[in-house]
There are 2 protein chains.
Amino acid sequence: MIEATDRKILSALQMDSRRSAASIGETVGLSASACHRRIRLLEDRGVIEGYGARLNAEALGYTVTFFVEVSLEGQSEAILGAFEGAADARPEVLECYLTTGNADYVLKVAALDTEDFERIHRRVISGLPHVTRIQSSLVMKTVKRWRGYPVR
Amino acid sequence: MIEATDRKILSALQMDSRRSAASIGETVGLSASACHRRIRLLEDRGVIEGYGARLNAEALGYTVTFFVEVSLEGQSEAILGAFEGAADARPEVLECYLTTGNADYVLKVAALDTEDFERIHRRVISGLPHVTRIQSSLVMKTVKRWRGYPVR
DNA sequence: TCTGAAAAGCCATTAGC
DNA sequence: GCTAATGGCTTTTCAGA
(Lines give C-alpha, C1' and ligand atoms only; values in the text may rest on other atoms or scores of the structure.)
Protein backbone atom coordinates (compact mmCIF):
# COMPACT_ATOMS: atom_id res chain seq x y z
CA MET A 1 0.00 0.00 0.00
CA ILE A 2 0.96 3.60 -0.51
CA GLU A 3 0.68 6.23 2.17
CA ALA A 4 -1.38 9.39 1.75
CA THR A 5 1.61 11.72 1.57
CA ASP A 6 3.31 9.48 -0.96
CA ARG A 7 0.17 9.56 -3.08
CA LYS A 8 0.24 13.33 -3.11
CA ILE A 9 3.86 13.22 -4.19
CA LEU A 10 3.05 10.72 -6.93
CA SER A 11 0.15 12.82 -8.14
CA ALA A 12 2.34 15.89 -8.36
CA LEU A 13 5.15 14.07 -10.14
CA GLN A 14 2.77 12.41 -12.57
CA MET A 15 1.45 15.83 -13.60
CA ASP A 16 4.81 17.58 -13.67
CA SER A 17 7.98 15.65 -12.98
CA ARG A 18 10.13 18.76 -13.28
CA ARG A 19 8.89 20.21 -10.02
CA SER A 20 11.65 20.28 -7.44
CA ALA A 21 11.53 18.19 -4.31
CA ALA A 22 11.47 21.43 -2.36
CA SER A 23 8.38 22.63 -4.20
CA ILE A 24 6.53 19.35 -3.82
CA GLY A 25 7.60 19.11 -0.21
CA GLU A 26 6.10 22.50 0.42
CA THR A 27 2.71 21.44 -0.88
CA VAL A 28 2.68 18.12 0.98
CA GLY A 29 4.18 19.46 4.20
CA LEU A 30 7.70 18.03 4.10
CA SER A 31 11.19 19.39 3.89
CA ALA A 32 13.06 19.10 0.63
CA SER A 33 15.28 16.30 1.89
CA ALA A 34 12.44 14.27 3.36
CA CYS A 35 10.42 14.66 0.20
CA HIS A 36 13.41 13.73 -1.90
CA ARG A 37 14.01 10.59 0.13
CA ARG A 38 10.41 9.50 -0.30
CA ILE A 39 10.68 10.01 -4.05
CA ARG A 40 13.83 7.93 -4.13
CA LEU A 41 12.08 5.15 -2.19
CA LEU A 42 9.10 5.23 -4.57
CA GLU A 43 11.55 4.84 -7.44
CA ASP A 44 13.33 1.96 -5.72
CA ARG A 45 10.03 0.23 -4.98
CA GLY A 46 9.09 0.48 -8.66
CA VAL A 47 6.05 2.65 -8.01
CA ILE A 48 7.71 5.26 -10.19
CA GLU A 49 8.91 3.47 -13.30
CA GLY A 50 10.55 6.42 -14.96
CA TYR A 51 10.22 9.96 -16.19
CA GLY A 52 9.37 11.05 -19.72
CA ALA A 53 8.59 14.06 -21.85
CA ARG A 54 5.07 14.29 -23.25
CA LEU A 55 5.40 15.06 -26.94
CA ASN A 56 2.84 16.65 -29.25
CA ALA A 57 1.81 14.10 -31.86
CA GLU A 58 0.92 16.66 -34.52
CA ALA A 59 4.22 18.47 -34.09
CA LEU A 60 5.94 15.14 -34.76
CA GLY A 61 3.91 14.77 -37.94
CA TYR A 62 1.38 12.20 -36.74
CA THR A 63 -2.00 13.31 -38.04
CA VAL A 64 -3.79 9.96 -37.90
CA THR A 65 -4.35 7.76 -34.87
CA PHE A 66 -6.33 4.55 -35.02
CA PHE A 67 -7.21 1.42 -33.13
CA VAL A 68 -7.02 -1.97 -34.76
CA GLU A 69 -8.81 -5.08 -33.62
CA VAL A 70 -6.91 -8.16 -34.70
CA SER A 71 -7.98 -11.80 -34.76
CA LEU A 72 -5.56 -14.67 -35.19
CA GLU A 73 -5.94 -18.03 -36.87
CA GLY A 74 -5.53 -19.90 -33.62
CA GLN A 75 -4.92 -19.60 -29.89
CA SER A 76 -1.87 -21.78 -29.43
CA GLU A 77 1.02 -20.43 -27.45
CA ALA A 78 3.21 -20.53 -30.54
CA ILE A 79 0.76 -18.45 -32.58
CA LEU A 80 0.17 -15.89 -29.85
CA GLY A 81 3.87 -15.62 -29.12
CA ALA A 82 4.80 -15.12 -32.75
CA PHE A 83 2.22 -12.38 -33.18
CA GLU A 84 3.14 -10.61 -29.96
CA GLY A 85 6.82 -10.61 -30.75
CA ALA A 86 6.24 -9.19 -34.20
CA ALA A 87 3.78 -6.55 -32.98
CA ASP A 88 6.18 -5.49 -30.27
CA ALA A 89 8.95 -5.07 -32.81
CA ARG A 90 6.97 -2.73 -35.09
CA PRO A 91 7.52 0.92 -34.14
CA GLU A 92 4.20 1.86 -35.74
CA VAL A 93 2.42 -0.17 -33.07
CA LEU A 94 2.28 2.16 -30.09
CA GLU A 95 0.36 -0.15 -27.79
CA CYS A 96 -0.88 -3.73 -27.97
CA TYR A 97 -3.26 -5.56 -25.66
CA LEU A 98 -4.57 -9.10 -25.50
CA THR A 99 -8.23 -8.77 -24.69
CA THR A 100 -11.44 -10.63 -24.16
CA GLY A 101 -14.27 -10.00 -26.60
CA ASN A 102 -14.64 -10.49 -30.31
CA ALA A 103 -11.10 -9.78 -31.34
CA ASP A 104 -7.95 -11.22 -29.84
CA TYR A 105 -5.86 -8.09 -29.74
CA VAL A 106 -6.37 -4.34 -29.67
CA LEU A 107 -3.60 -2.21 -31.13
CA LYS A 108 -3.09 1.53 -31.04
CA VAL A 109 -1.28 2.91 -34.04
CA ALA A 110 -0.11 6.33 -35.24
CA ALA A 111 0.36 7.26 -38.91
CA LEU A 112 1.84 10.32 -40.56
CA ASP A 113 -0.98 10.74 -43.07
CA THR A 114 -3.70 8.78 -44.83
CA GLU A 115 -1.18 7.26 -47.20
CA ASP A 116 0.90 6.10 -44.27
CA PHE A 117 -2.27 4.79 -42.63
CA GLU A 118 -3.03 2.80 -45.78
CA ARG A 119 0.49 1.38 -45.80
CA ILE A 120 0.40 0.39 -42.12
CA HIS A 121 -3.06 -1.12 -42.38
CA ARG A 122 -2.46 -3.09 -45.56
CA ARG A 123 1.17 -4.05 -45.16
CA VAL A 124 2.25 -3.83 -41.52
CA ILE A 125 -0.75 -5.04 -39.56
CA SER A 126 -1.96 -7.50 -42.17
CA GLY A 127 1.59 -8.78 -42.43
CA LEU A 128 1.88 -9.68 -38.77
CA PRO A 129 2.05 -13.45 -38.31
CA HIS A 130 -1.18 -15.51 -38.16
CA VAL A 131 -3.51 -12.53 -38.62
CA THR A 132 -6.85 -13.52 -40.10
CA ARG A 133 -9.08 -10.50 -39.52
CA ILE A 134 -8.37 -6.84 -38.85
CA GLN A 135 -10.77 -4.01 -38.27
CA SER A 136 -9.58 -0.43 -37.91
CA SER A 137 -11.32 2.41 -36.09
CA LEU A 138 -10.00 5.83 -36.98
CA VAL A 139 -9.77 8.37 -34.19
CA MET A 140 -11.69 11.44 -35.30
CA LYS A 141 -11.32 13.33 -32.05
CA THR A 142 -9.37 12.83 -28.85
CA VAL A 143 -11.93 13.64 -26.19
CA LYS A 144 -9.69 12.79 -23.26
CA ARG A 145 -6.03 12.12 -23.66
CA TRP A 146 -3.87 10.15 -21.28
CA ARG A 147 -3.03 12.21 -18.20
CA GLY A 148 -2.00 9.45 -15.87
CA TYR A 149 -3.81 7.36 -13.28
CA PRO A 150 -6.01 8.78 -10.55
CA VAL A 151 -3.83 8.47 -7.46
CA ARG A 152 -6.32 9.30 -4.72
CA MET B 1 9.28 20.38 -39.31
CA ILE B 2 11.75 19.19 -36.73
CA GLU B 3 15.45 18.95 -37.35
CA ALA B 4 17.38 15.73 -36.98
CA THR B 5 19.28 16.82 -33.88
CA ASP B 6 16.08 18.03 -32.24
CA ARG B 7 14.52 14.65 -32.94
CA LYS B 8 17.37 12.92 -31.15
CA ILE B 9 16.86 15.24 -28.21
CA LEU B 10 13.12 14.54 -28.20
CA SER B 11 13.70 10.82 -28.36
CA ALA B 12 16.06 10.96 -25.42
CA LEU B 13 13.73 13.12 -23.33
CA GLN B 14 10.73 10.97 -24.15
CA MET B 15 12.56 7.93 -22.83
CA ASP B 16 14.10 9.63 -19.80
CA SER B 17 13.32 13.24 -19.03
CA ARG B 18 15.66 13.28 -16.07
CA ARG B 19 18.76 13.14 -18.22
CA SER B 20 20.69 16.38 -17.98
CA ALA B 21 21.14 18.68 -20.93
CA ALA B 22 24.85 18.00 -20.68
CA SER B 23 24.32 14.26 -20.99
CA ILE B 24 21.95 14.56 -23.91
CA GLY B 25 24.18 17.13 -25.55
CA GLU B 26 27.05 14.69 -25.36
CA THR B 27 25.13 12.00 -27.23
CA VAL B 28 23.84 14.38 -29.91
CA GLY B 29 27.07 16.36 -30.28
CA LEU B 30 26.18 19.64 -28.59
CA SER B 31 27.36 21.60 -25.59
CA ALA B 32 25.13 21.67 -22.54
CA SER B 33 23.97 25.23 -23.15
CA ALA B 34 23.20 24.68 -26.83
CA CYS B 35 21.27 21.53 -26.01
CA HIS B 36 19.45 23.31 -23.24
CA ARG B 37 18.44 26.16 -25.55
CA ARG B 38 17.04 23.69 -28.08
CA ILE B 39 15.04 21.98 -25.36
CA ARG B 40 13.66 25.32 -24.25
CA LEU B 41 12.65 26.15 -27.82
CA LEU B 42 10.95 22.77 -28.24
CA GLU B 43 8.97 23.51 -25.08
CA ASP B 44 8.04 26.99 -26.31
CA ARG B 45 6.96 25.62 -29.69
CA GLY B 46 4.72 23.14 -27.92
CA VAL B 47 6.55 20.11 -29.28
CA ILE B 48 7.24 19.16 -25.68
CA GLU B 49 3.96 19.49 -23.83
CA GLY B 50 5.25 18.62 -20.39
CA TYR B 51 7.10 16.14 -18.25
CA GLY B 52 5.58 13.41 -16.15
CA ALA B 53 6.41 10.43 -13.98
CA ARG B 54 5.41 7.01 -15.30
CA LEU B 55 3.65 5.20 -12.50
CA ASN B 56 3.17 1.46 -12.01
CA ALA B 57 -0.53 0.68 -12.27
CA GLU B 58 -0.39 -2.40 -10.05
CA ALA B 59 1.50 -0.55 -7.36
CA LEU B 60 -1.33 1.99 -7.34
CA GLY B 61 -3.79 -0.83 -6.91
CA TYR B 62 -5.16 -1.02 -10.45
CA THR B 63 -5.43 -4.67 -11.34
CA VAL B 64 -8.00 -4.39 -14.13
CA THR B 65 -7.77 -2.42 -17.36
CA PHE B 66 -10.44 -2.49 -20.03
CA PHE B 67 -11.63 -0.83 -23.17
CA VAL B 68 -15.26 0.16 -23.61
CA GLU B 69 -17.01 0.77 -26.90
CA VAL B 70 -19.89 3.16 -26.41
CA SER B 71 -22.76 4.03 -28.75
CA LEU B 72 -25.02 7.02 -28.23
CA GLU B 73 -28.69 7.52 -29.02
CA GLY B 74 -27.95 10.22 -31.58
CA GLN B 75 -25.25 12.21 -33.30
CA SER B 76 -26.36 15.76 -32.60
CA GLU B 77 -23.84 18.23 -31.30
CA ALA B 78 -25.76 18.51 -28.04
CA ILE B 79 -25.70 14.77 -27.44
CA LEU B 80 -22.03 14.37 -28.32
CA GLY B 81 -21.09 17.38 -26.24
CA ALA B 82 -22.99 16.19 -23.19
CA PHE B 83 -21.40 12.76 -23.34
CA GLU B 84 -17.91 14.09 -23.90
CA GLY B 85 -18.14 16.53 -21.02
CA ALA B 86 -19.36 13.84 -18.65
CA ALA B 87 -16.75 11.30 -19.79
CA ASP B 88 -14.00 13.86 -19.39
CA ALA B 89 -15.13 14.61 -15.84
CA ARG B 90 -14.98 10.98 -14.67
CA PRO B 91 -11.59 10.11 -13.22
CA GLU B 92 -12.18 6.42 -13.96
CA VAL B 93 -12.09 7.25 -17.68
CA LEU B 94 -8.40 7.39 -18.50
CA GLU B 95 -8.79 8.07 -22.21
CA CYS B 96 -11.72 8.73 -24.55
CA TYR B 97 -11.78 8.84 -28.33
CA LEU B 98 -14.45 9.58 -30.90
CA THR B 99 -13.94 7.01 -33.62
CA THR B 100 -15.24 5.70 -36.89
CA GLY B 101 -16.54 2.15 -36.96
CA ASN B 102 -19.37 0.40 -35.17
CA ALA B 103 -19.22 2.29 -31.91
CA ASP B 104 -19.13 6.02 -31.44
CA TYR B 105 -16.54 6.20 -28.69
CA VAL B 106 -13.70 4.09 -27.35
CA LEU B 107 -12.82 4.51 -23.69
CA LYS B 108 -9.90 3.19 -21.71
CA VAL B 109 -10.66 2.56 -18.07
CA ALA B 110 -8.76 1.29 -15.03
CA ALA B 111 -10.39 -0.44 -12.08
CA LEU B 112 -9.05 -1.51 -8.70
CA ASP B 113 -10.58 -5.01 -8.82
CA THR B 114 -13.39 -6.94 -10.43
CA GLU B 115 -15.90 -5.41 -8.04
CA ASP B 116 -14.71 -1.94 -9.01
CA PHE B 117 -14.89 -2.99 -12.65
CA GLU B 118 -18.48 -4.05 -12.16
CA ARG B 119 -19.31 -0.74 -10.51
CA ILE B 120 -17.69 1.32 -13.26
CA HIS B 121 -19.26 -0.71 -16.04
CA ARG B 122 -22.77 -0.76 -14.61
CA ARG B 123 -22.96 2.60 -12.95
CA VAL B 124 -20.35 4.97 -14.35
CA ILE B 125 -20.23 4.15 -18.04
CA SER B 126 -23.87 3.20 -18.36
CA GLY B 127 -24.75 6.37 -16.51
CA LEU B 128 -23.02 8.68 -18.94
CA PRO B 129 -25.58 10.79 -20.82
CA HIS B 130 -27.27 9.36 -23.96
CA VAL B 131 -25.47 6.01 -23.83
CA THR B 132 -27.44 3.24 -25.55
CA ARG B 133 -24.94 0.42 -25.99
CA ILE B 134 -21.69 -0.45 -24.24
CA GLN B 135 -19.34 -3.32 -24.85
CA SER B 136 -16.32 -3.93 -22.67
CA SER B 137 -13.13 -5.74 -23.58
CA LEU B 138 -11.02 -6.74 -20.63
CA VAL B 139 -7.26 -6.49 -21.00
CA MET B 140 -5.80 -9.90 -20.17
CA LYS B 141 -2.23 -9.01 -21.05
CA THR B 142 -0.40 -5.83 -21.96
CA VAL B 143 1.75 -6.94 -24.87
CA LYS B 144 3.18 -3.50 -25.59
CA ARG B 145 2.68 -0.62 -23.28
CA TRP B 146 2.90 3.03 -24.22
CA ARG B 147 6.52 4.10 -24.60
CA GLY B 148 6.01 7.26 -26.61
CA TYR B 149 5.96 8.03 -30.29
CA PRO B 150 8.65 6.94 -32.75
CA VAL B 151 10.58 10.15 -33.33
CA ARG B 152 12.81 9.08 -36.23
C1' DT C 1 12.42 5.05 11.39
C1' DC C 2 11.44 9.20 9.82
C1' DT C 3 12.37 13.97 10.13
C1' DG C 4 14.82 18.58 9.32
C1' DA C 5 19.20 21.23 8.72
C1' DA C 6 23.43 21.92 6.59
C1' DA C 7 27.13 21.09 3.27
C1' DA C 8 28.94 19.59 -1.15
C1' DG C 9 28.57 18.92 -5.83
C1' DC C 10 26.00 18.97 -9.97
C1' DC C 11 22.92 21.12 -13.08
C1' DA C 12 20.07 24.62 -15.20
C1' DT C 13 20.26 29.07 -16.80
C1' DT C 14 22.05 33.26 -18.48
C1' DA C 15 25.50 36.48 -20.34
C1' DG C 16 29.21 37.36 -23.37
C1' DC C 17 31.53 36.01 -27.45
C1' DG D 1 26.93 27.32 -31.00
C1' DC D 2 30.61 27.56 -27.19
C1' DT D 3 32.71 28.97 -22.74
C1' DA D 4 32.26 30.77 -18.37
C1' DA D 5 29.86 32.19 -14.28
C1' DT D 6 25.95 32.20 -11.13
C1' DG D 7 22.20 30.63 -8.62
C1' DG D 8 19.25 26.79 -7.60
C1' DC D 9 18.60 22.03 -7.01
C1' DT D 10 19.78 17.41 -6.01
C1' DT D 11 22.06 14.45 -3.02
C1' DT D 12 24.47 13.04 1.06
C1' DT D 13 25.57 13.42 5.86
C1' DC D 14 24.36 13.94 10.49
C1' DA D 15 21.83 14.73 14.59
C1' DG D 16 17.25 14.80 16.86
C1' DA D 17 12.31 13.40 17.72
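Keep in mind that this is a model prediction, so the values were computed, not measured. Lettering of chains follows the sequences in order, A, B, ..., and the numbering in each one begins at 1.
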Flag, side chain of A/Asp116 to backbone of A/Ala111, donor-acceptor distance under 3.5 Å: no
Distance in angstrom units between A/Ile39 CD1 and D/dT11 C1', rounded: 12 Å
Near-ring test A/Tyr62/B/Tyr149, centroid separation under 6.0 angstrom: yes
Distance, rounded to the nearest Å, where B/Ile9 contributes CD1 and C/dA12 contributes P: 13 Å
Separation of C/dA5 C1' from A/Leu30 CG (nearest whole Å): 14 Å
Pair B/Arg19-B/Ser23, side-chain donor/acceptor within less than 3.5 Å: yes
C/dT3 phosphate, OP1 or OP2, under 4.0 Å from A/Arg38 side-chain N/O: yes
Separation of atom CD in A/Glu26 from atom P in C/dA5, rounded to whole Å: 13 Å
Closest-nucleotide 5' rank along DNA chain D - winner of A/Arg37 and A/Arg19: A/Arg19
Touch class at under 4.0 angstrom, heavy-atom based, for A/Ser33 against every strand present: base
B/Ile24 CD1 - C/dT13 P separation (whole Å): 12 Å
A/Tyr51 OH to C/dC11 P, straight-line distance once rounded to whole Å: 16 Å
Sugar-phosphate, base or nothing in reach of A/Arg40, heavy atoms under 4.0 Å: sugar-phosphate
Separation of D/dT10 C1' from A/Arg18 CZ (nearest whole Å): 15 Å
Side chains of B/Ile39 and B/Ile9 in contact at under 4.5 Å (non-hydrogen atoms): yes
Closest to the B/Ala34 side chain, choosing from D/dC2, D/dC9, C/dT3: D/dC2
B/Ser31 side-chain proximity, nearest of C/dC11, D/dT3, D/dT10: D/dT3
Distance test, side-chain N/O of B/His36 to OP1/OP2 of C/dT13, below 4.0 Å: yes
Helical bend (five base pairs per end, nearest 10°) for the helix from C/dT1-D/dA17 to C/dC17-D/dG1: 30°
Mutual orientation of the aromatic rings belonging to B/His121 and B/Phe66 [parallel < 30°, tilted 30-60°, perpendicular > 60°]: tilted
Carboxylate-amine/guanidinium contact A/Glu95 B/Arg147, below 4.0 Å: no
Any side-chain donor near an acceptor of the partner, A/Lys108 and B/Tyr97, under 3.5 Å: yes
Nearest-angstrom distance from the residue atom CG of A/Asp6 to C1' of C/dT3: 14 Å
